[in-house]
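Okay, so here's the structure we're looking at.
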Amino acid sequence: MKRGALDTFFKPVAPKKPKYEASTQQSSHASYPFAVSYLPEAFAEQLQFAPAEEGRVMNQERDLDMVYYQPYIPRSIADGMFEFLRQELFFYRVQYTIKRGGAPTAINTPRFTTVFGVDATSRFTEDGGLVDAKTGKGIEKGRYKCTPRPIPQCLGLLKDLTEGATGCEFNFCLVNYYADGKDSISYHSDDERFLGELPAIASFTLGAKRDFLMKHKPIPPSTTGESVVEPKQIKLTLGSGDMVLMKGETQRNWLHSVPKRAGEQGGRINITYRQALVRGGTDNYYTYNVGTGGAFQWNAREKLMRAWSADEDASEGVTPPKQDK
DNA sequence: AACCATAACGGGG
DNA sequence: GCCCCGTTATGGT
């Protein structure tokens, strides 16, 4: 056998080049299960070129008012940002019960979620405290049933840039992780009262492409007896770095979904920025995007989301102390 | 907003 | 052009 072959066999595999250069700074808060790294500087630099493409106005159908950026985040960094966020954020698999045909039914939300932000009646101070938006004084305990979480630097940077480019204002960031084609979200509108009448929502895709379906809500029969033309269903295949800005009448009149898909699909992260106007929005979002269960974190070795435990986190990369007899 | 049963679709042979 | 069957769409709960 050749000498080189043995060397190849025994030499430990070269450590994989990291997909991103981790920052030394972190966003911390008492409400976080663990600190979240700042966005790597290389990504932050490239984000200054966003939007990478001019937005395409989509208003060809009735009540449709959106802009499609293909992409918004430069393709050169979109997959890297996907890897970064999947690794550095904590996620939840929310469970709750609904009444189905009178009987309580368990719902396991078919995706991982996490949420940051607080509605417009409050704001975070520099040190992470919550104060009333008007008076600047500490909020009464009891204003929220949940514990609102400030938006970490890595997601706040993209929020600020998007606000600047679109002229919209956001105070919430929802993140969804679709692990594979079985993870999905069924048809719904983001038309909750606490978002106001004509909400603007910026929705980013990172990682695997997924179909994004839109259909008009049922149109009530016209009182004059004229026939109405149903708007066409729309299918967008959202790729890594793409962004759709939904605004105006869109949420009031259209439903959207990311349906289950057969076959092998990689993971996809969806980030949405939106503005909640009143307190009810804050508790609602934390109920359905954080829930009451524990956090999950991406395990790169096993390639899956794993239940996070404070103990294991503390001993990460550290040899456990020997026990004396 | 999800599950599930069932219908409709559509590419391969 | 038709059948097969996996995938996708739809409607009731």
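Reminder, nothing fancy here: chain letters follow the sequence lines and each chain counts from 1.
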Between [N] ([atom2]) and [X] ([atom1]): distance, integer Å:
| X | N | atom1 | atom2 | result |
| --- | --- | --- | --- | --- |
| A:Q95 | B:dA2 | CD | C1' | 13 Å |
| A:K182 | B:dA2 | NZ | C1' | 17 Å |
| A:Y187 | C:dG12 | OH | P | 16 Å |
| A:K260 | B:dA2 | NZ | C1' | 8 Å |
| A:K235 | C:dT7 | NZ | C1' | 11 Å |
| A:M214 | C:dA9 | CE | C1' | 18 Å |

Can A:R274 be said to sit on top of A:F170's aromatic six-ring, NZ or CZ under 6.0 Å from centre and within 45° of the ring axis?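 No; the conditions do not both hold, so A:R274 does not lie above the ring face of A:F170.
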Mind running salt bridge (charged side-chain N to carboxylate O under 4.0 Å, His left out) on A:D183 and A:R93 for me, showing each step along the way? CA-CA 11 Å; A:D183 277 359; A:R93 197 84 180 188; 3.0 Å; yes
A:K260 side chain to A:K182 backbone, donor-acceptor under 3.5 Å: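 Such a contact is found between A:K260 side chain and A:K182 backbone.
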Using modelled atom types and a 3.5 Å cut-off, is there a donor and acceptor pairing between side-chain atoms of A:T114 and backbone atoms of A:F90?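 Judged by distance alone, yes, a pair lies under 3.5 Å.
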Listed nucleotide nearest any side-chain atom of [X], set [options]:
| X | options | result |
| --- | --- | --- |
| A:Q233 | C:dT7, B:dA2, C:dT10 | C:dT10 |
| A:P110 | C:dA9, B:dA2, C:dT8 | B:dA2 |
| A:I107 | B:dA1, C:dT7, B:dA2 | B:dA2 |

Tell me which residues in residues 274-286 of chain A put a heavy atom below 4.0 Å from DNA chain C, sorted by number, or none.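 Of all residues in residues 274-286 of chain A, none places a heavy atom under 4.0 Å from DNA chain C.
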Which residue, A:Y38, A:W298, A:Y20, forms the side-chain hydrogen bond (donor to acceptor under 3.5 Å, both in side chains) with A:E88?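 Exactly one pass, corresponding to A:Y20.
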Under 4.0 angstrom, heavy atoms only, what part of the nucleic acid is A:P259 near: base, sugar-phosphate, or nothing?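 Contact class for A:P259: none.
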Verify side chain to side chain donor-acceptor pair (under 3.5 Å) between A:D180 and A:Q265, making sure each step is shown before the conclusion. CA-CA 5 Å; A:D180 55 41; A:Q265 316 256 350; over 6 Å; no
